[in-house]
Amino acid sequence: MNKERRRILIRSATAAAATAVGLPASHARAGGEERAATDVDVHIELHAVQDSVAIRPGAQTRVWRYRGKLLRGDPDTLETSVDTYLGPIIRVHRGQRVRIDLINELPEPTIVHWHGLHVPEPMDGHPRYAIGPGARYVYEFTVVDRAGSYWYHPHPDGRTGKQVYFGLAGLFLVSDDEEAALDLPTGPQDLPLVLQDRTFGDDNQLTYLSQSPTGAPAGDSQNRGMTGGAMMGRGGMGGMMGGQGGMGQMMARMMGVLGDEILVNGRPDASLAVERRPYRLRLLNASNSRIYKLAWHDGVPLTAIGTDGGLLAAPLRRDYVMLAPAERVDLWVDFARWPAGSDLTLQSLPFKGGRGMNGMMGGMMGEMGESALPDGAAFPVLKLQVQHGGNDRPALPPRRLSQLPQPQPRLAVNYNRPKVFNITMGMMTWGINGRSFDMLGVTPLETVKLGTHEIWEFRNDGQTGMMGMAMAHAMHVHGLQFRVIWRSVAAASSRQQGTVKAGLLDEGWKDTVLVMPGERVRILLGFKDYPGLFLYHCHMLEHEDSGLMRNYLIKA
């Protein structure tokens, strides 16, 4: 069968399946159309390309990255750096109409998800919209979200972990009038900081599950072992045991990939010079699976002013802050509190409960070894040098930051019967309520009504089958921001949970929530504006790629 006929048949089958679950057939198109931009405030071409970047001394590192070209809009809309593989920072204002043309110059399919943004379903980056090499997808939407630190990354089925690891990620920063009325640090004192961990081979090339950005097996959706879909299919245990890298690769796919080095904005051993004045540090955990427990080396408390969905109502002080994959936190720091010449370290403190195994498989993992930087270990993240100049007295952040109403759980149509989503494992494949990812699959439990609110409960009770696994998960819901309204932890897990509890930032609007082993977390969601099929999943990317992802359907 020639490629064009195969493409047409796939489109027709997908359209028929989409109609069967209640979606308009037009929503199943394979991509956007190339046409002239009209009535938009911002127009960007975003190319996903192969490239090489100097990251460490010696040979350049082959990466995949986003390259941006501003076709329309304020010149400050697109901020590109030649010193990193990260995509350009996109800066927009609430209310602007944005068009972004994704052009795929990679050797495999890809699509972009605008993480945290409230956009129509065809604009959200569902993997069924993934485009092949040489194709274009047109995104066009109005920015309706409040000011905050959002981001963008690929979301193809089974390939998200690989594509993010090789460099595809960038920040999407939204401003609005409420934020502009505050006296928050701007310009050089507004610092985006993207945290990632990576492992490099002797030749300075990134290593990810025996794959490289060029010429390596991509693992197609029909034969990719642990990155498959159904628990009993797509390779199964036999395929995993005999696949690339044997047991070690299988376990890395199942538990999540950890790197040996910490990179900040794409640079190892990162350091910054700062003045003795207030700064806004916008921290994004863009690591595949690593959780950070962030604190200053000298024990000075952190002051949080924002989370995933923008500013908090008021600043919050924490001795440390937990940051799971995909979570963001904005910190207010006035470096005038330290003398000029001081050397500071933002570090990750030790903690328990991120990932662990019992019994036979625990011993096997010990024999095979993990990352040289284990999950929950202590390590430096960023070094800062306080320079002369600036202020003599530290300033305080604004006492009130934003109008943030208290969550109202009684708005939920299921207030007395929260929907329960158990994190499960069967045949060494992750799932939710015993089901792994199905491109168009959706159950009655996963069907909601437009214009309503619901309470969902994520359960990470650790009952994950023969492996005896107990792992943290970062649960992300596409298409909206939610409120965290309740946490409960099993008595058996309370000791390890005590090493992270004081740093959990559940306040404010969230799109990703950390659920530790033994925990149950309830969130309040509101489904407005846009019907369609959206995703919810764990943002440990290897968990997502290996089945811990499902659809939910918003019906008009």
Side-chain angles (χ1 to χ4, degrees), residues 21 115 124 126-127 155 160 229-231 254 256 308 324-327 353 407 409 411-427 429-449 452-465 469-490 493 497 504 506 510-527 532-555:
V21 297
H115 189 114
D124 186 61
H126 192 285
H155 219 299
T160 300
M231 292 185 182
M254 183 169 59
D308 300 349
E327 284 190 306
L411 290 175
V413 296
N414 64 334
Y415 173 70
N416 292 316
R417 54 188 189 285
K419 288 185 174 180
V420 174
F421 299 90
N422 288 290
I423 298 168
T424 56
M425 175 172 285
M427 291 303 293
T429 301
W430 291 108
I432 299 174
N433 290 340
R435 293 181 172 88
S436 58
F437 182 58
D438 177 356
M439 187 67 78
L440 292 171
V442 63
T443 66
L445 185 75
E446 297 164 326
T447 303
V448 304
K449 287 186 178 181
T452 66
H453 290 75
E454 288 191 354
I455 295 173
W456 290 6
E457 181 176 313
F458 293 122
R459 292 185 178 179
N460 186 16
D461 290 338
Q463 298 175 355
T464 50
M469 295 183 64
M471 299 184 63
H473 297 281
M475 299 307 295
H476 169 51
V477 183
H478 280 224
L480 50 79
Q481 296 284 326
F482 55 75
R483 305 296 295 272
V484 179
I485 58 174
W486 177 82
R487 277 185 187 266
S488 174
V489 61
S493 303
Q497 203 263 3
L504 296 171
D506 289 340
K510 299 281 292 175
D511 55 58
T512 307
V513 62
L514 177 59
V515 188
M516 297 295 290
E519 276 195 326
R520 298 180 177 185
V521 176
R522 289 181 185 173
I523 62 174
L524 175 65
L525 312 94
F527 309 103
L533 199 68
F534 295 87
L535 298 169
Y536 69 103
H537 60 85
C538 177
H539 220 284
M540 274 72 168
L541 297 182
E542 288 71 42
H543 297 182
E544 167 191 329
D545 284 343
S546 57
L548 219 172
M549 177 166 69
R550 293 285 301 169
N551 294 310
Y552 75 96
L553 176 64
I554 303 177
K555 297 189 72 171

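None of the values given here were measured: they were computed from a predicted structure. Excluded from the calculations below are hydrogen atoms, water molecules and symmetry mates; all remaining heavy atoms, backbone and side chain alike, are included.
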Query raised in the report: Which word best sums up how the rings of Y536 and F421 line up, parallel for under 30°, tilted for 30 to 60°, or perpendicular for over 60°?
Result: perpendicular
Report task. Taking all heavy atoms of F437 and all of P127, pick out the closest pair and write down the distance. Result -> CZ-CG, 3.9 Å
Report task. Verify whether one side chain among T512 and E327 offers a donor that lies under 3.5 Å from an acceptor in the other. Result -> no
Report summary line: Taking every heavy atom of P407 against every heavy atom of I485, the minimum-distance pair comes out as CB-CG2, 4.0 Å
Query raised in the report: Can you find a pair of side-chain heavy atoms, one from F482 and one from L524, that are under 4.5 Å apart?
Result: no
Query raised in the report: Which heavy atom of G526 sits nearest a heavy atom of L480, and at what distance?
Result: O-CD2, 3.7 Å
Query raised in the report: Between D308 (side chain) and V513 (backbone), is there a donor-acceptor pair under 3.5 Å?
Result: no
Report task. Verify, without hydrogens or angle tests, whether N460 (side chain) and M471 (backbone) share a donor-acceptor contact under 3.5 angstrom. Result -> yes
Query raised in the report: Hey, are the side chains of I432 and N422 touching, using non-hydrogen atoms and a 4.5 Å cut-off?
Result: no
Query raised in the report: Can you tell if the side chain of M549 reaches within under 4.5 Å of the side chain of H478, non-hydrogen atoms only?
Result: no
**Report entry** Any donor-acceptor N/O pair, E519 side chain to M516 backbone, under 3.5 Å
**Finding:** yes
**Report entry** Pairwise side-chain contact, M254 with S546, heavy-atom cut-off 4.5 Å (strictly under)
**Finding:** no
**Report entry** Contact check, side chains of H115 and H476, non-hydrogen atoms, under 4.5 Å
**Finding:** yes
Query - Chi angles and distances behind the side-chain contact (heavy atoms from CB on, under 4.5 Å) call for R459, V420 - result: CA-CA 7 Å; R459 292 185 178 179; V420 174; 3.5 Å; yes
Query raised in the report: Between CZ of R520 and OG of S488, what distance do you get to the nearest 0.5 Å?
Result: 7.0 Å
Report task. Locate the shortest heavy-atom distance separating F527 from K449; write the atom from each residue and the value. Result -> CB-O, 4.0 Å
Query raised in the report: Any side-chain heavy-atom pair from E454 and L411 closer than 4.5 angstrom?
Result: no
Query raised in the report: Looking only at heavy atoms, which two atoms of A472 and L514 are closest? And how far apart?
Result: CB-CD1, 4.0 Å
Requested in this report: Begin with the C-alpha distance, continue with both residues' side-chain angles, and end with the deciding distance and a verdict on side-chain contact (heavy atoms from CB on, under 4.5 Å) for V477 and Y552.
Outcome: CA-CA 9 Å; V477 183; Y552 75 96; 3.7 Å; yes
Query - Pair H537, H155: side-chain N/O donor-acceptor within cut-off below 3.5 Å - result: yes
Query raised in the report: Is V521 close to W486 at the side-chain level, that is, under 4.5 Å between some pair of heavy atoms?
Result: no
Query raised in the report: D511 and Q481: side-chain donor and acceptor closer than 3.5 Å?
Result: yes
Query raised in the report: Are side-chain heavy atoms of R483 and L525 found at a separation under 4.5 Å?
Result: no
Query raised in the report: Is any side-chain N of the basic residue among E446 and K419 closer than 4.0 Å to the acidic one's carboxylate O?
Result: no
Query - Spacing of N433 atom CG and I423 atom CD1 [to the nearest 0.5 Å] - result: 10.0 Å
**Report entry** Reported CZ-to-CG distance for the pair R550 and L535, which is rounded to 0.5 angstrom
**Finding:** 10.5 Å
Query raised in the report: In terms of ring plane angle, is the pair W456 and F458 parallel, tilted or perpendicular, where the classes change at 30° and 60°?
Result: perpendicular
Query raised in the report: How far apart are the closest heavy atoms of T429 and S436, and which atoms are they?
Result: CG2-CB, 4.4 Å
Report task. With rounding to the nearest 0.5 Å, note down the distance linking CG in L533 to CG in N551. Result -> 4.0 Å
Query raised in the report: Is there a donor-acceptor pair closer than 3.5 Å between any side-chain N or O of D506 and the backbone N or O of V484?
Result: no
